[in-house]
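Written below as structure tokens is the structure these notes are about.
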2 protein chains.
Amino acid sequence: MRALIFVLLIFLSFLCAEEGMFPITEIDKLDLKKIGIELTAEQIFSENKVSLSDAIVQLGGCTGSFISADGLILTNHHCAFRAIQNASTPENDYLTNGFVAHKREQEFPAKGYTVRITEQVLDVSDQVLQAIKKIKDPIERQKTIEKINKQIVKQAETDHPGLRASVSEMFPGKTYYLFLYTYLKDVRLVYAPPRSIGEFGGEVDNWEWPRHTGDFSLMRAYVAPDGSPAEYGPQNVPYQPKTYLKVAAEGVEEGDRVFILGYPGRTYRHRTSAFLSFEYEVRMPFVVGWYQWQINLMNSLSKNNAARALKFSAWIKGLANTEKNYRGKLQGIRRIGLIEKKKTEERNIQNFIETNNLKEYKNVLADIYQIFNNTRQSYLRDLLLSYFGRSAILPAVARTLVQAANERQKPDMERESSFMERNFNRTQTYTLLRLKYFDEQVDPLIVNELLKKISNLPEEQQIAPLTSIFKLDEDFSKAPEIVKQAYQNTRLTDANFVKSCFNKTPDELKALNDPILNWMIALQSAYDDLKEKQKKRRGELTRLRALWLEAKKAYLKKDFIPDANGTFRMTFGLIEGYAPADAVYKSPITTDRGILEKTTGQSPFDTPEKLLSLLKAKQFGRFVSKTVGTLPVGILYSCDTTGGNSGSPVLNAKGELVGLNIDRTFEATINDYAWNHQYSRSIGVDIRYILFLLKYYSNADQILKEIGVE
Amino acid sequence: MRALIFVLLIFLSFLCAEEGMFPITEIDKLDLKKIGIELTAEQIFSENKVSLSDAIVQLGGCTGSFISADGLILTNHHCAFRAIQNASTPENDYLTNGFVAHKREQEFPAKGYTVRITEQVLDVSDQVLQAIKKIKDPIERQKTIEKINKQIVKQAETDHPGLRASVSEMFPGKTYYLFLYTYLKDVRLVYAPPRSIGEFGGEVDNWEWPRHTGDFSLMRAYVAPDGSPAEYGPQNVPYQPKTYLKVAAEGVEEGDRVFILGYPGRTYRHRTSAFLSFEYEVRMPFVVGWYQWQINLMNSLSKNNAARALKFSAWIKGLANTEKNYRGKLQGIRRIGLIEKKKTEERNIQNFIETNNLKEYKNVLADIYQIFNNTRQSYLRDLLLSYFGRSAILPAVARTLVQAANERQKPDMERESSFMERNFNRTQTYTLLRLKYFDEQVDPLIVNELLKKISNLPEEQQIAPLTSIFKLDEDFSKAPEIVKQAYQNTRLTDANFVKSCFNKTPDELKALNDPILNWMIALQSAYDDLKEKQKKRRGELTRLRALWLEAKKAYLKKDFIPDANGTFRMTFGLIEGYAPADAVYKSPITTDRGILEKTTGQSPFDTPEKLLSLLKAKQFGRFVSKTVGTLPVGILYSCDTTGGNSGSPVLNAKGELVGLNIDRTFEATINDYAWNHQYSRSIGVDIRYILFLLKYYSNADQILKEIGVE
């Protein structure tokens, strides 16, 4: 991996003990020795030598790592879930029974999966900032940023054939990096534990510690015989990564130093209290309520219907994951008084601005507040409009089709990203995948509920096309009948029909006269207005946030770590427990005891008999932890992670693999807004549990041999 | 207090570290010094001197203790709940706002409350056993036991005018004690914290540690000016107890020895695996499901209806309390493999019996198993029949009226206890109280659901009167209409009508031709048959259990502590934390930190503003714990308790008051079946939190003065 050097930050001091998802290009500014890491920065990441970072990849929305010379990748079970599910049949139910490829030929293609390897990182801030320098109008600014980014990407992909490029905003309105990636498209599944191990604890244990989930899987990247990326093909050969992680079969113990490399998604730590209180008071409570309503609906409709329950499980899982995450955030914001803390800091900064008469910053905070006050006026109407085109399946599909038809009238560079040629295939695939979740009972009930909420909006916020289509200005009882008729007459349940719609023009779509397509056609201008409004808002906020960060920097006299944005980061911490509540302490290594305690025989606590026997017999071989005296299962550490870090390797001081990151604690859902050593803990699978399962549960000796564990 | 000495047990050794609800008359066999208690057995309980036990009373189903020379009683908020609720009006809402009597005149009557003081304990085993010696028929045996007990009670009450008597079976079929009690009937409320303190955490925290509930209240017993028990009257004076507890304002710390005096309800530790697996596999899962259904129904019906929510709150609370308790038990039985353990022990005892050719015990276990096997055949039908006369309000009221009419045809001594003259008033009061919960939507839905379940029973288990009344042999859709009609035409919703029915004969009741009364009249013989069957079963089991215990005693070569049965007991333990699950440790003292953490502003976590201010200001005066360095709120200890111990005083090694028992942990719900030092923990309010609330929250200086805390 190679990176042009640029100066983004000066790490004068750490804000907190271990806060920070450090951009990988910046870690040479850390005192790694003092932290307790035995590698040099260059051994972890180097612009021109092979380093540890070359073993790290992106896989779907997750992180993964190479753990053998033959392109074997370790990632989470939940990251490989779709691949396992797609390959499962009633005869070969890999999801339920697990899967082991004892030979290379048995490895099967993980359809739709790609492995993304970061090849280069370039600072393109100058180019972006130059382009917007003179633009005052916020909406114009935002549009220009988007446009210039597309141009940079296009140029980079022309200059580096075979690589894909993307630009990431590190600090809004300030710094932009260009990332160049290799995409490997032939990915195959090598190993998956049974779902009852890989998902042990399910929704109940999601976001929870103590954890006993064997949430890991193994995949392998393949390339054409000449080493170039290629689609799946029998002639392909295992990819040879530049380097791979050494597995430390002895694991880690409490108090040990660990660090994590990966691709954390998004954090919002530099946002103002105006943003936070909007989230806390308005947006998150609405989403929690709306998701709970949908979850309850699906649960009650699938109570005595196993087939339906199976169909809904992934959908519910997605909703429940966000719902619980938001509940965790709401609790966290309240418990640590985060909004008040932010407000105090903002008052201090504002005083500093006033005292020093820094005119350009004087109104920044007030302006940000003004934007959020405006947003609050119509937030409910805007959210409902947005969910009307997203929550139920057929309206969501229709919305995508109408958008596609409109966007594809424009030149490629001017389209929304999802509808550019380079992404359009993926958009189609996702849409058709979504269609599989359609249920004729659930869908209209969701639409009805949204319409009821919309009809309760104040007069001036009513959405005209909906009022007229569903006669919302009359007795509400008419709407469900109209919805029912539409569902009876739509052709959108037919995947082939949907496929054919992707190539139609707006006029052609209109001519189909499909009732649900017609809803979205009628709403198109409302959505356009909403998008324009949001773009304007984002443009203004980008400019204001950049100014506010400048003021904060001047006040604090130091720089910050940029918010996570899906780019390559390093974070470090210790294997350590925490006290999540008064009189409660949770220690950092779980054991086989917990699996036996939790096992009820009912999903999600239905441990396979064979594993139960092994645990009861205490047949743990060399994988016993010295300190807990038995088989370790999960590990807890004070690393700073967020979504996207799923599947990240947990590394010891020597950079060897000791665990696999899978989740955060309930209290650490607030990581997205603030980090605190007291409660921010991430959760991993102990490498010894992984090795134990491979050796004793699955007898996968050839895999152990490949990764150097005999 | 005076007690005739009898030898029930020889405590050769303790079965477990601190297992045991020791009968108070037996504690002279304990090595109190070794345990770490600085009092002699005689100072705790004595047959002829005043002792600590004289400070302990029963109050409703709870325990209480005198804490001043003027009859001030400390008990739980949840034990005084009904009194507080009854006295509350919209203008003076003591339930919400709390209540402080700054002067004696302000103390108001706790209607329906009595204070029960144990005056004497006598062994009457000989008398009982003599009477049943020759009786082989189990039903006859059981009836004779009941009859002789009634005779003993009658004789004792004649011999001791003014006292009330009751006989308790200590070991089934083996030992029986006569208890003589004084009843004080003028009980008044002195202090109650606001519900948001006294019930802090509500259902969410019920059966849970860490706990932060200020679940205490103060009452006072009054007597006639001549010192005799009397009904409420303005001329009455405070009762002067023989002794009262000294309050230890310095509290306790982790590792300190504590003990508890009180009236634990029921335990089943000496039962067989046949009983346990019936409970585990059959009865508890049914009850959990049925209670959850009712809770869900009431929750959904009261979602947007505050008045209804209020009406249901106590009802739901009762159901939820049992439902969660049973869930705890089910988890506990599974986790510790209790049934398997019992089975192993039983196999060993059976082997011992066979080896030693102890003929009289040979078939005991098999016979017990046979009884439970028979019970299983019709358990669902029997449970449904029983709940049909209990779950919904009007059928329950009708059932009581029909029973009353029938029972009151018999001589007093032959009636069911509730319908004997001495108890009949109380039965009427309870019935009318229950009627207040009636809800016209909920009641018929409960009846319908039970009828649906009954109609799904196998043909041969159908209950003939229900089949005919509700046309269950036809299309089930007819039943709800019949139920609806009955509810429209019944007069049982009218309390005066119900009152008048209590004095009617069976024929007079029949002549009323009330549809819901008619249901119960039609079912009377089915209920009689069920009662007879249960009596027979109990008679057989009593005899077999006594034999089995003999065999067990011979095998183990030692005696046991009798199961709890609502009689006076002592239990001891340490202030100590526990590890309820892998990687989780809970420490034994909670603090103000937890109140702030849990407070959301929404019930049941809506701490009053004044308390929040005090906590934030850390204004704790002398009530800071030396070890946790802040205000202690709850304490946890390894004492052996069960329901009925609510309100028991927690005493330090010197016998001074350091806390108030309120609950057990979720893991300790299994106490009723087994005790284990690892998980059996009980929960109390720290005396320092009580004193802090009295002093700083309520400025109740006169109360503090009365209890000797300045």
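All of these numbers come straight from a predicted model, not from anything done at the bench. Sequence lines set the chain letters: A, B, ... in the order given, protein chains first and strands last, and positions in each chain run from 1.
In this structure, the portions of A:T600 lying under 4.5 Å from any heavy atom of chain B include both its backbone and its side chain. Looking at A:I589, the atoms closer than 4.5 Å to chain B (heavy atoms on both sides) all sit in the backbone: N, CA, C or O. No part of B:L636 comes within reach of chain A, as not one of its non-hydrogen atoms sits under 4.5 angstrom from that chain.
Both tests do not hold together for B:K586 against A:Y585: distance to the six-membered ring centre under 6.0 Å, angle to the ring axis within 45°. With a 6.0 Å cutoff to the six-membered ring centre and a 45° limit on the axis angle, A:K329 counts as a cation-pi contact of A:Y673.
Using a 4.5 Å heavy-atom cutoff, the side chains of A:V650 and A:L660 are not in contact.
Among B:A583, B:P588, B:G601, the residue making the largest number of heavy-atom pairs under 4.5 Å with chain A is B:A583. Considering only heavy-atom pairs separated by less than 4.5 Å from chain B, the leading option among A:S587, A:G634, A:G577, A:A579 is A:S587. Between chain B and the options A:I595, A:L596, A:T599, heavy-atom pairs under 4.5 Å are most frequent for A:T599. When the candidates B:Q331, B:K598, B:E597, B:R335 are compared by the number of heavy-atom contacts under 4.5 Å with chain A, B:E597 comes out ahead.
The pair A:D592-A:K618 meets the salt-bridge criterion, with a side-chain N (NZ, NE, NH1 or NH2) lying under 4.0 Å from an Asp/Glu carboxylate O.
In this structure, A:Y679 has its ring center at least 6.0 angstrom away from the ring center of A:Y578.
Between B:Y280 and B:R334 the shortest heavy-atom distance is OH-CB, 3.5 Å.
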